[in-house]
Amino acid sequence: MKAFTTEQLQRLVALVKASQSVAVLTHTHPDGDALGSASAMASWLREGLGKDAAVLLPDNPGDGISFIVPDDCPLYIGPDPEALSFLSGASLIILADANGFARTEGLADTARSSKAPKILIDHHVGPCSEEFDLVFSETEVSSASELLYWILTSVGARMPLDCASALMAGMTTDTNNFANSTYPSTLRMASQLLEAGVDRDLIVRRLYQSGRENRVRITGWLLTEGLKVDGPAAWMILPREVRREFDLRDGETEGVVNMPLSIGRVKLSAFIKEEEGGIFRVSLRSKPGVSARECSQRFFHGGGHEQAAGGKIIIGEDVASREEVPGYVEQALKTFLG
Ligand code: 5GP
Ligand code: MN
């Protein structure tokens, strides 16, 4: 990871000092790193500096990760009037774990049109720098949570335990519990957070050992009925009937997309979940040498990281009907992998 410039750090401190109410935003379908980085930022601002900071999410997080935002952290979910009113009244706006306001969906227009200074803290490629007054963008890092950890460390911030725990949780989910994107700096961060008293065992239990039975059952269905493997490509499609049959909640299929990568010859794995309104959400994971991000940009209106990306298939645009989705996916993966 590159070091931050003195100018960046001084600007951050000055912008935070000059503001009282701070809106901390993150991306739609928030994952653990989105919640970890945003709520850690809010904890530092509130408990460390006495600011009125709140976390604003475009939509609901999954049940299994919502614990990452501490109970006492002011939280707005969805672009309802209260959220938009807090956002338009904020004297500082911070976006974490997304490369631009477009990824905040219903919050984007209000955020962009605010006169408040805006700060970006992100680890995706292609930051929309023109939307921000101050940009911390670094891709050689595990997570936005890790990036924020090193920023806070560099400004000599005192990190409340809530803040430190949220950062540990965010980094843990984005590295898939240290299975990928783990840098020397990531392990240093983990070590320092453990020394600071973060209960990592508890975080791991909450993240990986607190699900419902359905979570394991749907994994079974996906790996038997759902999985298709063809050369270096693997894909699983979860239709809405099956979602209903298993009474699935948000986040309960998180991580399943990684499983086909345990097959030696598979280089690219896709998980496609049917949502409401003619949209299929796409998750992609790949092995080094194959860019999940590029595949998502070319075929699924999305983006992300080299080895982990996401996007969507739109009925009426990419395909005429939901029945054509399996064919579209197969064709896209095969074309991409050549
Ligand atoms: P996931 O598969 O866990 O939903 O997403 C994996 C990665 O891809 C995350 O870093 C996420 O931010 C990114 N990602 C997911 N969906 C989209 C999307 O629609 N657009 C872009 N640009 N990135 C996405
Ligand atoms: Mn992230």
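Note that ligands are numbered from 1 as they come in the structure, with each ligand's atoms numbered from 1 the same way.
- Of the protein's non-hydrogen atoms, Gly303 O, 3.4 Å is the one closest to atom 24 (C) of ligand 1.
- A salt bridge does not link Glu131 with Lys118: none of the charged nitrogens is closer than 4.0 Å to a carboxylate oxygen.
- Of the protein's non-hydrogen atoms, His124 NE2, 4.1 Å is the one closest to atom 9 (C) of ligand 1.
- Taking the six-membered ring wherever Trp is involved, the centroid distance between the rings of Phe271 and Phe280 does not fall below 6.0 Å.
- Atom CG of Asp72 has more than 12 heavy atoms from other residues, nucleotides or ligands within 6.0 Å.
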The test is side-chain contact (heavy atoms from CB on, under 4.5 Å); show your working for Ser21 and Ser91 and say whether it passes.
CA-CA 5 Å; Ser21 70; Ser91 45; 3.8 Å; yes
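- Residue, atom and distance of the protein heavy atom nearest to atom 18 (C) of ligand 1 are Gly310 O, 3.4 Å.
- Among the atoms of Asp31, no N, O or S atom is found under 2.8 Å from the Mn ion (ligand 2).
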Test Gln10 against Thr6 for side-chain hydrogen bond (donor to acceptor under 3.5 Å, both in side chains), laying out the working first.
CA-CA 6 Å; Gln10 282 174 347; Thr6 312; over 6 Å; no
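- Considering backbone and side-chain atoms together, Asp97 places no N or O closer than 3.5 Å to any N or O of ligand 1.
- Near His305, with a cut-off below 4.0 Å to any heavy atom, the atoms of ligand 1 are 10 (O).
- A salt bridge links Glu252 to Arg212: one of the charged nitrogens lies within less than 4.0 Å of a carboxylate oxygen.
- Any N or O atom pair closer than 3.5 Å counts here, and His301 shares no such pair with ligand 1.
- Contact annotation for Arg103 and ligand 1: only side-chain heavy atoms (C-beta onward) come within less than 4.0 Å of the ligand.
- The protein heavy-atom contact nearest to atom 7 (C) of ligand 1 is Ala308 O, 3.5 Å.
- Put simply, the side chain of Asn99 gets close to the backbone of Val125: a donor and an acceptor are under 3.5 Å apart.
- For the Mn ion (ligand 2), the set of nearby N, O or S atoms under 2.8 Å includes one belonging to Asp174.
- Closest N/O/S atom of Asp97 to the Mn ion (ligand 2): OD1.
- At a cut-off of 2.8 Å, His124 does not coordinate the Mn ion (ligand 2) through any N, O or S atom.
- By the 4.0 Å heavy-atom criterion, Arg281 is counted among the residues contacting ligand 1.
- Comparing Pro30, Ser283, Ala98 by heavy-atom distance to atom 1 (P) of ligand 1, the nearest is Ser283.
- Under a 4.0 angstrom heavy-atom cut-off, Arg285 registers as being in contact with ligand 1.
- A side-chain donor-acceptor contact under 3.5 Å links Asp174 and His123.
- Distances from ligand 1 to the non-hydrogen atoms of Arg293 include no value under 4.0 Å.
- The backbone N or O of Pro239 lies less than 3.5 Å from no partner atom in the side chain of Glu274, so there is not a single donor-acceptor pair.
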